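Below is one structure, written out as C-alpha cells, with a few remarks after it.
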Amino acid sequence: MSWSLFRWTWQLDGPLYIGMPPAGSLNRTRLYVPARTLWGALTAELSRAEAANSVPEYETVGDNLKDRYRFTYLFPAEMISGKWVAWLPIYCDGEGLRWKREDGAVVTDRALRRRLLSTRPGTAIDTNTDTAEEGSLRETECIEMHWRPEKDGDAGPVAMVGYVFMKVAKAKDRYPPERRRIDKVDTLFVGGDTRSRYGLGRLRRIEFVRSDNVFGTSMEINAVDLLRIKSDFVFAHARFENGEPAMVGALELLGGWDRGSLRGLVQAWQPGSRSSNGAMKWTIEGNGTWKADSPPDSVAPPAAS
C-alpha cells in the first residue's frame, strides 16, 4: 500500500459560511474550510450515493474515509494567468496574520476580508406578533462567489483549493479505485445554512489533478499509516502531545459534535502559525489536523493580531 496525492479545486456556486465564535451580533466565518468539515460533507454525499435504495450508512462510510483518505484544509483561490492560485495564512513577527498567495503576493487579513466577504442580515420572527423577535437581529459573514476587485477590473470567481491523499494498492495507477470513488461526488454542500435552509455552501469541483507537494512543502508519504509534511507554517490546526513547540501564531480551543456529544476539546495552533525554530515535521491525522513529530521545549508568545 502507498499514498497518492491529488490537488482539487472547488468553485463556489453559492455564498459560503464556515462558522466560528461570533462577535456580538456578527456571525463570523472562517476564510478556509477545515478538513473535518470537508470530511463530513463528503461522508454525507458518498453515503447517499452508495446507498441506492437502502438506508445510508453514514458511520461506516465516514470511518472508511478517515482510514483510506487524508484531507487538507481548503483555502480561497483566484484565477491568475489561467491558473487557480491559493491564498494561504501566515503569521509574521510584529505584523500578525497576513495572507500570502502562492505566487508570492502578500496582503493583510483585513485587505483579504474586504475582497472576499460580505454580510447578510437576519432576524428571528416572534410567532405571536409576527414581528422581529427582540434581541435577535444579526448579520452573517459569507465568502462570496466573486472576488471584489482591488482596482478597476473584472471580479473573478472564488474557488477553494486543497489536497487529498488516497491510500492505494498501486502507487503508479493513474486512476485508482479510490479516485473513482471520490469522482462520484462533484458537488458538495459545506458549512452552515446549506441547501436545507438558505442555500449557502454549494461547491462544484472543477479541477482534480495529481500533485507532488502540498502548497509547495516537502513530504514523506512512503509510510502506510503516516503522512509527514516538512514546513515552517502549518496549513491546518496543529496540536502537540508532548510539550509545546516554539511557535508564533494564535491558539484556539477546538471541539466538535459527534453523535450528539461534544468531543475532542483540544488546544491547537491556528492555520498560518509557524515554528520559530525553522521547518518542522508534521503528521497529518485522520481528522485533518497536524501533529508535531518532535516538538522543541519552549513556547513563543502569539503574534499581535
Side-chain angles (χ1 to χ4, degrees), residues 10 16-23 28-43 62 65-66 69-76 86-92 96-100 109 112-113 141 143 160-165 190-192 214-217 219 226-258 262-277 279-296 299-303 305:
W10 299 82
L16 176 63
Y17 170 62
I18 305 295
M20 62 183 297
R28 298 186 299 165
T29 183
R30 300 183 188 274
L31 300 190
Y32 51 84
V33 179
R36 179 181 170 87
T37 304
L38 179 62
W39 163 80
L42 280 168
T43 296
L65 285 177
K66 282 186 178 181
Y69 299 84
R70 294 290 185 274
F71 305 104
T72 71
Y73 286 29
L74 301 180
F75 292 99
W87 285 95
L88 303 172
I90 57 172
Y91 277 90
C92 302
L97 178 62
R98 297 290 185 267
W99 289 82
K100 183 176 182 180
D109 183 56
L112 190 72
R113 287 177 172 273
E141 285 184 334
I143 300 175
M160 306 299 288
V161 171
Y163 296 82
V164 53
F165 293 88
V190 177
V214 173
F215 298 122
T217 61
M219 301 178 305
L226 296 177
L227 294 168
R228 291 188 176 90
I229 290 180
K230 187 176 182 180
S231 175
D232 294 26
F233 292 91
V234 295
F235 298 124
H237 284 96
R239 68 182 191 86
F240 314 92
E241 290 184 345
N242 301 312
E244 294 289 336
M247 296 285 290
V248 173
L251 287 165
E252 182 176 1
L253 189 63
L254 290 182
W257 291 95
D258 187 358
L262 182 60
R263 300 182 182 180
L265 284 174
V266 296
Q267 185 171 258
W269 292 92
Q270 292 183 357
S273 300
R274 65 175 176 83
S275 167
S276 59
N277 292 339
M280 292 178 58
K281 288 185 178 181
W282 308 88
T283 297
I284 303 178
E285 300 183 289
N287 61 1
T289 57
W290 292 12
K291 183 179 71 174
D293 279 2
S294 54
V299 179
S305 58

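Values in this document were obtained by computation on a predicted structure and should not be read as measured data.
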Task: Glu285 side, atom CD; Lys291 side, atom NZ - distance, nearest 0.5 Å - done: 5.5 Å
Task: Donor-acceptor under 3.5 Å (Arg36 side chain, Gly288 main chain) - done: no
Task: Leu74 vs Val190 side-chain heavy atoms within contact, under 4.5 Å - done: no
- [ ] Under the side chain to side chain contact (heavy atoms under 4.5 Å, CB included) rule, collect the residues that match up with Asp109, sequence neighbours excluded.
- [x] Leu31, Leu97, Trp99, Arg113
TODO: Report yes if some heavy atom in the side chain of Met20 is under 4.5 Å from a heavy atom in the side chain of Ile18; otherwise report no.
DONE: no
TODO: Check the pair Phe235, Val214 against side-chain contact (heavy atoms from CB on, under 4.5 Å), reporting the backbone distance first and the verdict last.
DONE: CA-CA 9 Å; Phe235 298 124; Val214 173; 5.7 Å; no
- [ ] Calculate, to the nearest 0.5 Å, the distance between atoms CG and OG belonging to Asp232 and Ser276 respectively.
- [x] 10.5 Å
- [ ] Please list, chain by chain and in numerical order, all residues satisfying side chain to side chain donor-acceptor pair (under 3.5 Å) with Tyr69, sequence neighbours excluded.
- [x] none
Task: Distance, nearest 0.5 Å, that separates CE of Met247 from CZ of Phe233 - done: 9.5 Å
Task: Which atom of Val161 lies closest to which atom of Ala86, heavy atoms considered - done: CB-CB, 4.2 Å
Task: Shortest non-hydrogen separation from Arg98 to Cys92 and the atoms involved - done: CG-SG, 3.9 Å
TODO: Using atom types as modelled and distance alone, determine if a side-chain donor or acceptor of Trp39 lies under 3.5 Å from a backbone N or O of Phe71.
DONE: no
Open item on the list: On a heavy-atom basis, which atom in Ala238 and which in Trp282 lie closest, and how many Å separate them?
Closed with: CB-CZ3, 3.8 Å
TODO: Go through the structure and list residues passing ring-ring contact (aromatic ring centres under 6.0 Å, His included) with Phe75, not counting sequence neighbours.
DONE: Tyr32, Phe215
Open item on the list: Nearest 0.5 Å, please: how far is NZ in Lys100 from CG in Leu112?
Closed with: 15.0 Å
Open item on the list: Using modelled atom types and a 3.5 Å cut-off, is there a donor and acceptor pairing between side-chain atoms of Thr217 and backbone atoms of Lys230?
Closed with: no
TODO: Report yes if the side chains of His237 and Pro271 come closer than 4.5 Å at any heavy-atom pair, otherwise no.
DONE: yes
TODO: Decide yes or no on side-chain contact (heavy atoms from CB on, under 4.5 Å) for Thr289 and Tyr73, but give the supporting numbers first.
DONE: CA-CA 9 Å; Thr289 57; Tyr73 286 29; 4.3 Å; yes
Open item on the list: Taking the side chain as everything from C-beta on, heavy atoms only, tell me whether Trp290 gets closer than 4.5 Å to Ile284.
Closed with: yes
Open item on the list: What I'd like to find out is whether the side chain of Met160 reaches to under 4.5 Å of the side chain of Pro76, using heavy atoms alone.
Closed with: yes
Task: Student check: side-chain heavy atoms of Tyr91 and Gln270 closer than 4.5 Å - done: yes
Task: salt bridge (charged side-chain N to carboxylate O under 4.0 Å, His left out) partners of Arg28, counting only residues at least two apart - done: none
Open item on the list: Using 0.5 Å steps for rounding, measure from the CG atom of Leu16 to the CH2 atom of Trp10.
Closed with: 12.5 Å
- [ ] Grab the two heavy atoms, one from Ala250 and one from Ser273, that are nearest each other, plus how far apart they are.
- [x] N-OG, 3.4 Å
- [ ] Heavy atoms only: give me the nearest Ala292-Met280 pair and the separation to one decimal.
- [x] CB-CE, 3.8 Å
Open item on the list: According to side chain to side chain donor-acceptor pair (under 3.5 Å), who are the partners of Thr37, at least two apart in sequence or on a separate chain?
Closed with: none
Task: Rounded distance [0.5 Å steps], CZ in Arg239 versus CG in Asn287 - done: 7.5 Å
